[in-house]
K.L.:
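First the structure, then my questions, so here it is.
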Amino acid sequence: MLEEIKKIQGINHSDFDNMINIWIGAAELDLKSIGIVDTLIDNPDSLIKTAIITYVLSFLDVTNAELYSNSYALQKDVLRHTKEYIENAI
């Protein structure tokens, strides 16, 4: 996912790789904290991947940080209310 995020932002060096990886990890932990199935986070489908990328961009793209933050909140809410993504969903 690191390379995808760098490509989206037009980053062609490794100066920010460590920080981006930290944000990817934080996004994964945030999704796990709301009950998203671990295996879906470890092997993300397009919805999970998009949420993680959006989370990272909310920190990386300062100009559009609020837009990405709001978008991530909406994506997280959708995932939280979709039974296929939640652990122990009834």
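What's counted below: heavy atoms across the whole structure, side chains too, no hydrogens, waters or symmetry copies. The first residue of the sequence shown is numbered 1, and numbering continues consecutively from there. Quick caveat, the model's predicted, so the values are computed rather than measured.
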K.L.:
Restricting to side-chain contact (heavy atoms from CB on, under 4.5 Å), what partner residues turn up for H13, sequence neighbours left out?
P.N.:
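H13 satisfies side-chain contact (heavy atoms from CB on, under 4.5 Å) with I11, D15, F16 once adjacent residues are dropped.
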K.L.:
Apply side-chain contact (heavy atoms from CB on, under 4.5 Å) to L67 and list each qualifying residue two or more places apart in sequence or on a separate chain.
P.N.:
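Scan of L67 (side-chain contact (heavy atoms from CB on, under 4.5 Å), adjacent residues dropped) gives N64.
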K.L.:
Just jot down the salt bridge (Lys or Arg N to Asp or Glu O under 4.0 Å) partners of D42, sequence neighbours excluded, or say none.
P.N.:
K32
K.L.:
If you round to the nearest 0.5 Å, how far is CD1 of I34 from NE2 of H81?
P.N.:
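One finds 9.0 Å between NE2 of H81 and CD1 of I34.
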K.L.:
Just to verify, what does L74 make a side-chain contact (heavy atoms from CB on, under 4.5 Å) with, not counting sequence neighbours?
P.N.:
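Residues passing side-chain contact (heavy atoms from CB on, under 4.5 Å) with L74: none at all.
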K.L.:
Which pairs count as salt bridge (Lys or Arg N to Asp or Glu O under 4.0 Å) when at least one residue sits in residues 48-58, sequence neighbours excluded?
P.N.:
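Only E4-K49 qualify under salt bridge (Lys or Arg N to Asp or Glu O under 4.0 Å).
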K.L.:
Please find the pair of heavy atoms, one from D45 and one from Y85, that lie closest to each other, and give the distance.
P.N.:
OD2-OH, 2.6 Å
K.L.:
When rounded to the nearest 0.5 angstrom, what is the spacing between CZ in F59 and OG1 in T54?
P.N.:
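Nearest 0.5 Å value for the CZ-OG1 distance: 12.5 Å.
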K.L.:
Could you pull out all residues at least two apart from S69 that satisfy side-chain contact (heavy atoms from CB on, under 4.5 Å)?
P.N.:
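Per chain and number, S69 pairs via side-chain contact (heavy atoms from CB on, under 4.5 Å) with S58.
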K.L.:
Report whether I22 and I41 are members of the same hydrophobic cluster (ILVMFWY, side-chain heavy atoms less than 4.5 Å apart, transitive linking).
P.N.:
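Result: yes, single cluster for both.
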K.L.:
Please identify each residue that fulfils side-chain hydrogen bond (donor to acceptor under 3.5 Å, both in side chains) with E28, with sequence neighbours left out.
P.N.:
none
K.L.:
What residue among V37, D38, I48 forms side chain to side chain contact (heavy atoms under 4.5 Å, CB included) with L31?
P.N.:
I48
K.L.:
Atom CD1 of I8 and atom CG of L57: how far apart are they, to the nearest 0.5 Å?
P.N.:
5.5 Å
K.L.:
Quick one: salt bridge (Lys or Arg N to Asp or Glu O under 4.0 Å) partners of D17, sequence neighbours excluded?
P.N.:
K6
K.L.:
Under the salt bridge (Lys or Arg N to Asp or Glu O under 4.0 Å) definition, can you give me all pairs with a residue in residues 53-64, not counting sequence neighbours?
P.N.:
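Output for this query is empty, none listed.
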K.L.:
Enter the distance from L47:CG to L79:CG here, rounded to the nearest 0.5 Å.
P.N.:
6.0 Å
K.L.:
Not counting sequence neighbours, which residues clear side-chain hydrogen bond (donor to acceptor under 3.5 Å, both in side chains) with Y72? List them please.
P.N.:
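With neighbours one apart ignored, the set is D30.
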K.L.:
If you apply the rule side chain to side chain donor-acceptor pair (under 3.5 Å), what do you find for Q75 with T50, and how did you get there?
P.N.:
CA-CA 8 Å; Q75 291 172 46; T50 301; 5.4 Å; no
K.L.:
Tell me the ring-ring contact (aromatic ring centres under 6.0 Å, His included) pairs involving residues 26-48, sequence neighbours left out?
P.N.:
none
